[in-house]
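Data block below; observations after.
Because the structure is predicted, anything quoted here is derived from the model rather than measured. All ligand and atom numbering here is 1-based and tracks the order in the structure.
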Amino acid sequence: MTAQYQVHGDVAVITLNNPPVNGLGLATRIGITDGLASAAADPAVKAIIITGAGKAFSGGADIKEFGSPKSLQEPNLLSVILALEASTKPVVAAVHSVAMGGGLELALGCHYRIAAPGCNVALPEVKLGLIPGAGGTQRLPRVLGVEVALNMIVSGEPQKSELLASLPGQKLFDRMAASVESLAEEALAFARSVADTRPLPLVRNMPCKHPQGDAYFQFARNMVGGMSKNFPAPLKCVEAVEAATKQKFDVGMVTERDLFINLMWTPECKALRHLFLAERATSKIPDVPADTPQRTIASVAVIGAGTMGGGISMSFLNAGIPVRILEMKQEALDRGIATIRKNYESQVKRGKLTQDKYDKRMALLSTTLDYTDLKDADLVIEAVFEDMGVKEKVFRQLDATMKPGAILASNTSTLDVDRIASFTSRPQDVIGTHFFSPANVMRLLEVVRGAKTGKDVLATVMALGKKIRKTCVVSGVCDGFIGNRMIEQYSRQAGFLLDEGCTPAQVDKAIEKFGFAMGPFRMGDLAGNDIGWAIRKRRAVERADMKYSKTADLLCELGRYGQKTNAGWYDYVPGKRDAIPSELVVKMIEDHRKSLGITPRKISDEEIVQRLVFSLVNEAAYILEEGIASKASDIDMVYITGYGFPMFRGGPMCYADQVGLFNVVQAMNRFATNPLDDGAFWKPAPLITRLVAEGKTFN
Ligand code: NAI
């Protein structure tokens, strides 16, 4: 039973009970209308309460029914709300903890609302590329005023019940309970107090006006439009709320419905809904059940206080987990700690962190030069130089010192985690934790599962990653794991495009217009072009058959490593990050082209984007087929959270599905005929060919 019905004297209580957040799935909706019918038929019942069991009133739509016909099956949410409004006995919503989306819309359909403090109240549909679709845009402005309601609808952000209840003139909550614990009792008393009051108040009958309507909505459109380019939903939120102020209630409801349905079919909405589910799916590992036992991680050690070691340490400190950092020399430790301090201090200065929290975090941090001080840590993460010899020494040392059962993790970005595990006598305890830079900021954490990594170790690290607020994606062992293995193909294409006639700025602009946060050349300058150079040198030995453009090497030979040298693909003014096109680099590319005897051609933005994005897709198809990633949606999450792929396109795999894999293959076949490109690479991966033949998609 996902909704229970009980009668307490003269009050009927309908309790939503569909864990974890009382999603309004079909069975729950039927439970509500059945409860209303029972209450109507029972002469002893004078009033009705709707509340939620467990940790929520209701979080809204049931994600298990997302986009399925069940979500629309009668009684759909609109019909349930109509039934609430039609009840001849007063209905009181007793909300607590979470009242979001459809859950809040349900409460707005009730005659009265009583709330516990601390309840998160939101209409978050905009985050899925939608607007609220069950009257939220028409009812919320009537109880909170147009401006407050529009801010909530456009941002999708939750507000606390006590804050909303304190707004002058608000009609969202008729009463605040003293606490979550007393809510049930207070709701009963309140329901009895209004049992005989008539007429029954309905939100739909309340007025909805803004004193400077036209000017305000023009202002809102300008603001929202400027902030939400590429996302159609926020402007539609404005349109729907404006309709609430200008149309009769029932006409406004039709406007809301039309806008909602039109958004539902946009590629942006499909992409955002895909990502919502993809994020939740990352923690599902086919052969590691959810109830896999986990190890306790109460303390963490980090080896290396450099760029990554510092950021990784901060991620744990932020979550209240004590960290001890080990370095070889005191100076390196001092430098690392100073950087952490500086980072936190700038957060304090900008008002992002309180002094108290800063002090608490620093108190959790300790340092050492001696491995024996680490032996009791539950997890150790190595972040030393990217060199197998150095890693070997560190892991042999860890094997000799760490207590049994400690998890030994490496932050390597390219090296073989299985080899690293082989340096220890406990490969089942070894795992890769590939953080992205800056590690305290970037959401992505690739969790690299070695051939012998224990399932409990994997489950533990995945759960811990969530605790430090990362999006964890499991990757098998291969050169570059999921993200960097794909980016290599993307970078190769970027290089070929220069050889064939593009400038760095042209390539960057095209892909940034597509929606990437940063094009490949601005990205290279930010990360340091020398890093890729070092990797290419290593690969030149390991994979001598791989074809590369030489331009990136020529650039590095000039010492143009990027922002850190104030010169890379672009020029930089010291202290500033603006990328200024460099005549010298353009000349270098032209000279190189000449030396190869290439006549430059004009390359369209469309070709640039397709070659860059489809190179990701083709490599990803191999990654899927080899089982390095267990599902296409994991690859999308890697690219969205770690590589600045545009969210509104849903990730490379989602995008390829939307373009149509048949069309993707056509483009690849075309690129394969270009003698200056790598024809062999463009042979579509067998998985893609198979999916096209079967008329299927990645996701
Ligand atoms: P870094 O050069 O900034 O820091 C490395 C630190 O390790 C230095 O402070 C050094 O003194 C220390 N160290 C070296 N050998 C040591 C040893 N035997 N014992 C103790 N400390 C030792 O390097 P970064 O960038 O922090 O990289 C560290 C690891 O993280 C590498 O494996 C790298 O591939 C990986 N990584 C780097 C990313 C980046 O963007 N920088 C991104 C993801 C992974």
Completion exercise
For Tyr490, the ring-ring contact (aromatic ring centres under 6.0 Å, His included) test, sequence neighbours excluded, returns Phe516

Handout entry: Plane angle bin for Phe614 and Phe671 - parallel if under 30°, tilted between 30 and 60°, otherwise perpendicular
Key = tilted

Heavy-atom nearest neighbour of [atom] within options [options]:
atom: atom 10 (C) of ligand 1; options: Gln397, His434, Glu392, Glu327; value: Glu327
atom: atom 31 (C) of ligand 1; options: Thr412, Val384, Ile312; value: Val384
atom: atom 41 (N) of ligand 1; options: Met308, Met328, Glu382; value: Met308
atom: atom 30 (O) of ligand 1; options: Asn411, Leu369, Ile381; value: Asn411

[atom]: the protein heavy-atom neighbour that sits closest, reported with distance to 0.1 Å:
atom: atom 43 (C) of ligand 1; result: Phe435 O, 3.1 Å
atom: atom 33 (C) of ligand 1; result: Glu386 OE1, 3.7 Å
atom: atom 5 (C) of ligand 1; result: Ala383 O, 3.6 Å
atom: atom 40 (O) of ligand 1; result: Ser437 CB, 3.3 Å
atom: atom 2 (O) of ligand 1; result: Phe385 CE2, 3.4 Å
atom: atom 4 (O) of ligand 1; result: Gly306 CA, 3.3 Å

In residues 476-487, what donor-acceptor pairs under 3.5 Å come from side-chain atoms, sequence neighbours left out?
unit_1: Asp479; atom_1: OD1; unit_2: Arg539; atom_2: NH2; d: 2.8
unit_1: Asp479; atom_1: OD2; unit_2: Arg539; atom_2: NE; d: 3.0
unit_1: Asp479; atom_1: OD2; unit_2: Arg543; atom_2: NH1; d: 3.4
unit_1: Asn484; atom_1: OD1; unit_2: Tyr643; atom_2: OH; d: 2.7
unit_1: Arg485; atom_1: NE; unit_2: Glu619; atom_2: OE2; d: 2.7
unit_1: Arg485; atom_1: NH1; unit_2: Glu626; atom_2: OE1; d: 3.0
unit_1: Arg485; atom_1: NH2; unit_2: Glu619; atom_2: OE2; d: 3.3
unit_1: Arg485; atom_1: NH2; unit_2: Glu626; atom_2: OE1; d: 3.3
unit_1: Arg485; atom_1: NH2; unit_2: Glu626; atom_2: OE2; d: 3.0

Practice task
Would you check if the distance from the ring center of Phe436 to the ring center of His434 is below 6.0 Å?
Solution key: yes

Exercise for the section: Could you say whether the N/O atoms of Ser413 and ligand 1 ever approach to under 3.5 Å? Expected result: yes

Are a donor atom and an acceptor atom from the side chains of [X] and [Y] found within less than 3.5 Å of each other?
X: Thr551; Y: Ser549; answer: yes
X: Asp553; Y: Tyr548; answer: no
X: Asp456; Y: Gln428; answer: no

Exercise for the section: Give a yes/no on ligand 1: does Lys391 have at least one heavy atom closer than 4.0 angstrom to it? Expected result: yes

Problem - Any Phe436 heavy atom less than 4.0 Å to ligand 1 - result: no

Problem - NZ/NE/NH1/NH2 to OD/OE distance under 4.0 Å, Lys391 and Glu386 - result: yes

Handout entry: Sidechain N-carboxylate O distance under 4.0 Å for Lys587, Glu583
Key = no

Fill in the blank from the handout: Counting from 1 in the order shown, the ligand 1 atoms closer than 4.0 Å to a non-hydrogen atom of Val394 are 18 (N)

Completion exercise
Numbered in order shown, the ligand 1 atoms found under 4.0 Å of a heavy atom of Val390 are 15 (N), 18 (N)

Problem - Shortest non-hydrogen contact between Phe395 and Thr424, atoms and distance - result: O-CG2, 3.9 Å

Handout entry: Sub-4.0 Å protein heavy atom near atom 23 (O) of ligand 1
Key = no

Handout entry: Any Ile312 side-chain heavy atom under 4.5 Å of Val300 side chain
Key = no

Fill in the blank from the handout: Counting heavy atoms under 4.0 Å, the part of Thr414 that contacts ligand 1 is neither

